[in-house]
2 protein chains.
Amino acid sequence: MRTGTKAVSISLSTTDIRCAECPIRHRAVCSNCNEEELQQLDQIKYYRTYAPGQTIAWAGDELTFVGSVVRGVASLSQTMEDGRTQMVGLLLPSDFVGRPGRNSLPYDVTAVSEITLCCFRRKPFEKQLAATPHISERLLEMTLDDLDAAREWMLILGRKTAREKIASLLTIIARREKSMEFAAQGDAVIIDLPLTREAMADYLGLTLETVSRQISALKREGLIQLDGKRRIIVPDMPALMDETGDDMDGGMIT
Amino acid sequence: MRTGTKAVSISLSTTDIRCAECPIRHRAVCSNCNEEELQQLDQIKYYRTYAPGQTIAWAGDELTFVGSVVRGVASLSQTMEDGRTQMVGLLLPSDFVGRPGRNSLPYDVTAVSEITLCCFRRKPFEKQLAATPHISERLLEMTLDDLDAAREWMLILGRKTAREKIASLLTIIARREKSMEFAAQGDAVIIDLPLTREAMADYLGLTLETVSRQISALKREGLIQLDGKRRIIVPDMPALMDETGDDMDGGMIT
DNA sequence: CGCCATGTTGACCTGGATCAAGTAAGGTGG
DNA sequence: CCACCTTACTTGATCCAGGTCAACATGGCG
């Protein structure tokens, strides 16, 4: 299954960005850091950019850095010998990549779109982590959020129908892209899907044909409109959310 | 769906256990603590015991404590309005319950067997957490492990066949129960299943009938033997692991 | 003993997988 | 500017793993 990605291993060292001007400054693992702590991180950070489809790290291989997604989308996925693959994480800007304390990951990390990471060599980062509660507290919080997201995803994988899965995915992407601004009900929401049909299938535990058919069905019923292949317009977000199978009330996060 | 559990709300204050004699002392969230730190925890800890089937916390309801499983098994699960439920966590001794920084959980916590928790009221625990890197480091490590486990589980839910799911579950339980002592190949492994067929189905995203049929099939083929309903004997663990669909090589954790 | 919870097994059905043709939109080179 | 690929996507026909519905077995336990 390790095929297809013939892209040359680009890793452009992007023009350095000063932390203060960083677009993910307020959400990433460094978001609680003060000026002094940021300067320390600044000294060990560097940027890497990957082309779409390029592999950032193979499962089990050594990963010498950890870091944050600055721009673009990446996926974490697991593949069985016979090629069945399941996406287990979708990394959007500000998400953290890598595991302090381990020098490898048990899943493949792949660039979905062109992506830029703010990287730290693992050892120096671990040292900084141990010395800076602002970082470790934030990392714990982010990891707990990832765990909650993984568990919501488990319900989708284990118990939802194909249609509910698609509606759930669109809802999740919309929520993350728009940071939950669709409180303005009645307004159409535009989702720029960062995923191919195949990637959506790997996310949802479906085949790409089923994804395509369900999207067609939602379109036929007027719940969504397509603008090109990848842009989806949701005229009535609550109506789409009704199709996810979730109850809209319980589980208030306080 | 919130039916069935008519058990009276038992919460026996167990005879206090001194931390030094605690059976989960070396694996729980407190495992890195020194004597002094343990004494501080000792002052805010208390024990609670729940009967099998009893609900420890409902999704979305306030949960005033966090804690460790000392003895017994509990589950985390999510239920849809129409009753479909998916287990999203299985808590065995030493596992941590609850989420610092939030006063509710987005899933139900239910005692599977009789279970004893070592509880801390949330606020004092958070204070201790902030003051004690030994605790927060361990909690981060445990949360990262939970996240890896959740992601392995996602592959099971999304891509594995019913037979592979059952084999995976048995392998996971065996691994956790026996703490990986089955290196002694050729020896039979005895698994005392803490789960009913229905709970196994909720774990694996199957129906209980399918679970029952697959277990019968594995028995018929000699891969497992049953001793009563809940005790499973695996004469040849590697043979069972072959049925999980996992490759036995890659993903070495280093 | 009879009850109720748990588990097994059978017969049938169906949602989504599989297999197989298409279509549509870039991209490239002549 | 067009002919030709290639990659992404759509749609149809058929199949089958696992769900559903239903009957029955087993085994604690009052």
Side-chain angles (χ1 to χ4, degrees), chain A residues 3-7 51-53 80 82-86 112-113 156-169 192-220 224-232 243 245, chain B residues 3-7 51-54 80 82-86 112-113 156-169 193-220 224-232 243 245:
Chain A
T3 60
T5 305
K6 270 177 269 171
M80 299 169 68
D82 61 6
R84 282 176 281 173
T85 95
Q86 175 65 52
V112 171
S113 63
I156 293 173
L157 289 172
R159 293 303 188 191
K160 290 193 178 180
T161 64
R163 157 181 274 249
E164 289 168 340
K165 285 178 174 183
I166 298 288
S168 298
L169 173 60
D192 279 303
L193 258 199
L195 304 176
T196 64
R197 298 288 182 265
E198 186 179 26
M200 293 170 74
D202 286 343
Y203 188 111
L204 297 170
L206 296 171
T207 58
L208 66 89
E209 292 96 329
T210 298
V211 170
S212 185
R213 274 187 253 271
Q214 294 297 334
I215 288 181
S216 298
L218 290 175
K219 185 174 67 176
R220 206 177 312 125
I224 60 175
Q225 293 151 28
L226 298 193
D227 174 14
K229 298 294 177 193
R230 298 289 186 82
R231 168 167 293 182
I232 291 183
E243 300 296 327
Chain B
T3 59
T5 305
K6 270 176 270 172
Q54 197 181 355
M80 300 171 67
D82 61 7
R84 282 176 282 174
T85 96
Q86 175 64 52
V112 170
S113 64
I156 292 173
L157 289 172
R159 293 303 188 191
K160 289 192 179 180
T161 64
R163 157 180 275 249
E164 288 168 340
K165 285 179 174 183
I166 298 289
S168 298
L169 172 60
L193 257 199
L195 303 176
T196 64
R197 298 289 183 265
E198 187 179 27
M200 293 170 74
D202 286 344
Y203 188 112
L204 297 170
L206 295 172
T207 59
L208 65 90
E209 293 94 329
T210 298
V211 170
S212 186
R213 274 188 253 271
Q214 294 296 335
I215 287 181
S216 297
L218 291 175
K219 185 175 66 175
R220 207 177 312 123
I224 61 174
Q225 292 151 26
L226 299 193
D227 174 15
K229 298 295 177 192
R230 297 289 184 80
R231 167 167 293 181
I232 290 183
E243 300 295 327

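Because only heavy atoms are used, hydrogens play no part in the values below, and waters and symmetry mates are left out as well, while side chains stay in.
The distance from atom CG of B:D82 to atom P of D:dT20 is 10 Å, rounded to the nearest whole Å. At whole-Å resolution of the value, CD in A:E198 and C1' in C:dA17 are 15 Å apart. Rounded to whole angstrom, the span from the NZ atom of A:K219 across to the P atom of D:dC9 amounts to 13 Å. If you take CD of B:Q214 and C1' of C:dG7, they are 15 Å apart, rounded to a whole angstrom. If you measure from atom CG of B:L206 to atom P of C:dT8, you get 14 Å, rounded to the nearest angstrom. To the nearest angstrom, P of D:dT26 lies 21 Å from CZ of B:R231. Note: CG (B:L218) to P (C:dT8) measures 12 Å, nearest angstrom. One can place CZ of B:R159 at 17 Å from P of D:dA17, the figure rounded to the nearest angstrom.
Taken from OG1 in A:T210 to CG in A:L204, the straight-line distance is 10.5 Å, to the nearest 0.5 Å. Atoms CZ and CG, from B:R163 and B:L218 in turn, are 5.0 Å apart once rounded to the nearest 0.5 Å. Note that the NZ atom of B:K165 and the CG atom of B:L157 stand 5.5 Å from one another [nearest 0.5 Å].
In this structure, the nucleotide among D:dT10, D:dT20, D:dT11 sitting nearest to the side chain of A:L208 is D:dT10. Nearest nucleotide to the B:R197 side chain, out of C:dG7, D:dC9, C:dG16: C:dG7. Closest contact between the side chain of A:T207 and the listed nucleotides D:dC21, C:dT18, C:dG16 involves C:dT18. In this structure, the nucleotide among D:dG19, C:dG10, C:dT8 sitting nearest to the side chain of B:R213 is C:dG10.
Here B:G205 lies in heavy-atom contact (under 4.0 Å) with sugar-phosphate atoms only. Within the 4.0 angstrom heavy-atom criterion, only backbone atoms of the sugar-phosphate kind lie near A:S216; the bases stay farther away. Looking at heavy-atom distances under 4.0 Å, B:I215 makes no contact with the nucleic acid at all. The residue A:R230 sits close only to the backbone: its heavy atoms come under 4.0 Å of sugar-phosphate atoms, none of a base.
At a threshold of 4.5 Å between non-hydrogen side-chain atoms, the residues A:T161 and B:R84 count as touching. Looking at heavy atoms from C-beta onward, B:K160 lies in side-chain contact with A:M80 at the 4.5 angstrom threshold.
Within the structure, a side-chain polar atom (N or O) of B:S212 is placed less than 4.0 Å from OP1 or OP2 of C:dT8.
In terms of polar N and O atoms assigned as donor or acceptor, the side chain of B:E209 comes within less than 3.5 Å of the base of D:dC21 in a complementary pairing.
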